[in-house]
Amino acid sequence: MQNEYEIKKEMCEIGKRVYMRGMVAANDGNFSVKLNDHEFLCTPTGVSKGFMTPEYICKVDENGDVIQANKGFKPSSEIKMHMRVYKERPDVNAVVHAHPLYATTFAICGIPLTEPIMPEAVIALGCVPIAKYGRPSTMEIPDAVSEYLQYFDAVLLENHGALSYSDSLLNAYHKMESVEFYARLLYQSKMLGEPQKFSPQQVEDLYEIRRQFGMKGKHPANLCPNAKAGKPSCHSCGGSCKSTAAPAAADDADLVASITKKVMEQLGL
Ligand code: 13P
């Protein structure tokens, strides 16, 4: 088990990787780690995440309010987006937001990553929907992302970037790498010609491999609302998951979570 200082060091290391791999420019991007239900570490706003040292890292509560920050540092301007993920996905322990070139290009063009072209992308991600555009730092982004949280472990943010989350910081970061690699492959294969897509049966075979691996997280193999409703899954429905993630088709636990969320929203809680 890592202590707090070790987690801060790991956040700096991930910052270097995100920056060196060109997944962010200048001061862009942010990430966070859950310590417990009431304490979270997050990157500070307005600094290059490639040059952080442990004292840059801020600590916030579940509302994103500061618990501890060294002089000159304030939590990320997108902290509400991170907190929404933790609130709605209790299995998540880390969140990564970046602007990787190819994934962001798809997000700008409004094209979700839904073409099954490579086994690892199908197994790790399934497909990656696009959450509708929201102004940075406002509640518009958490609200837009919320629709997809019960179904996917990565989403594109329209005209903005990408968001990934997982049970550890390294896994959340790897998910971001997978999104970007998938987007890049899709882009480049479309440049060369028409990518050869897996058939629905081949996709289902890969989903079965994922199930056998017992991989954690949310994935269309288990949760695609279309597949649950007996309709073609994301990879063959042209990204219709983008428009509706019908709670009626989700499994019981997700259905309860979804209804609870809506009731709480209506009660203003
Ligand atoms: P922060 O530096 O405030 O985390 O913002 C960077 C960013 O990428 C906003 O989308």
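Read the numbers this way: they start at 1 and go in the same order the structure lists the ligands and their atoms.
Shown in contact with Glu78 at under 4.0 Å from a heavy atom are these atoms of ligand 1, numbered in order with element: 9 (C), 10 (O). Counting the atoms of ligand 1 from 1 in the order shown, those under 4.0 Å from a heavy atom of Thr45 are 1 (P), 2 (O), 3 (O). For ligand 1, the atoms lying closer than 4.0 Å to a non-hydrogen atom of His99 are 8 (O), 10 (O). Against a heavy-atom cut-off of under 4.0 Å, Gly29 is close to the following atoms of ligand 1: 4 (O), 6 (C), 7 (C), 8 (O). Numbered from 1 in the order shown, with element, the atoms of ligand 1 that lie under 4.0 Å from a heavy atom of His160 read 10 (O). Distances below 4.0 Å separate heavy atoms of Ser77 from the following atoms of ligand 1: 1 (P), 3 (O), 4 (O), 5 (O).
Counting heavy atoms from C-beta outward, Leu125 and Ser178 have side chains that approach closer than 4.5 Å. For the pair Val33 and Met11, the minimum side-chain heavy-atom distance is below 4.5 Å.
By the 4.0 Å N-to-carboxylate-O rule, Glu140 lies close enough to Arg135 to be salt-bridged with it. Between Lys59 and Glu39 there is a salt bridge, since at least one side-chain N of the basic residue sits less than 4.0 Å from a carboxylate O of the acidic one. Ion pairing of Lys49 with Asp28 is absent here, as no side-chain N (NZ or NE/NH1/NH2) approaches a carboxylate O to less than 4.0 Å.
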Worksheet entry | Pair Glu147-Val155, side chain to side chain contact (heavy atoms under 4.5 Å, CB included): steps then yes or no | CA-CA 10 Å; Glu147 182 182 347; Val155 288; over 6 Å; no
Item to complete: Evaluate the criterion side chain to side chain donor-acceptor pair (under 3.5 Å) for residue pair His219 and Asp153; output intermediate values, then yes/no.
Response: CA-CA 7 Å; His219 184 280; Asp153 281 353; over 6 Å; no
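Considering Asn171, Leu35, Leu169, Asp167 as possible partners of Asn93, the one that fulfils the side-chain contact (heavy atoms from CB on, under 4.5 Å) test is Asp167.
Heavy atoms of Asn27 found under 4.0 angstrom from ligand 1 belong exclusively to the backbone. Under 4.0 angstrom from ligand 1, the non-hydrogen atoms of Lys49 all belong to its side chain. Of the heavy atoms in Pro136, none comes closer than 4.0 Å to ligand 1.
For Thr43, the closest heavy-atom approach to ligand 1 does not fall below 4.0 Å.
For atom 4 (O) of ligand 1, the nearest non-hydrogen atom of the protein is Ser76 OG, 2.7 Å.
Taken to the nearest 0.5 Å, the CZ atom of Arg84 stands 13.0 Å off from the CD atom of Glu78.
At a 3.5 angstrom cut-off on N or O pairs, Gly46 counts as close to ligand 1. The N/O atoms of Asp28, backbone and side chain alike, include none that comes under 3.5 Å of an N/O atom in ligand 1.
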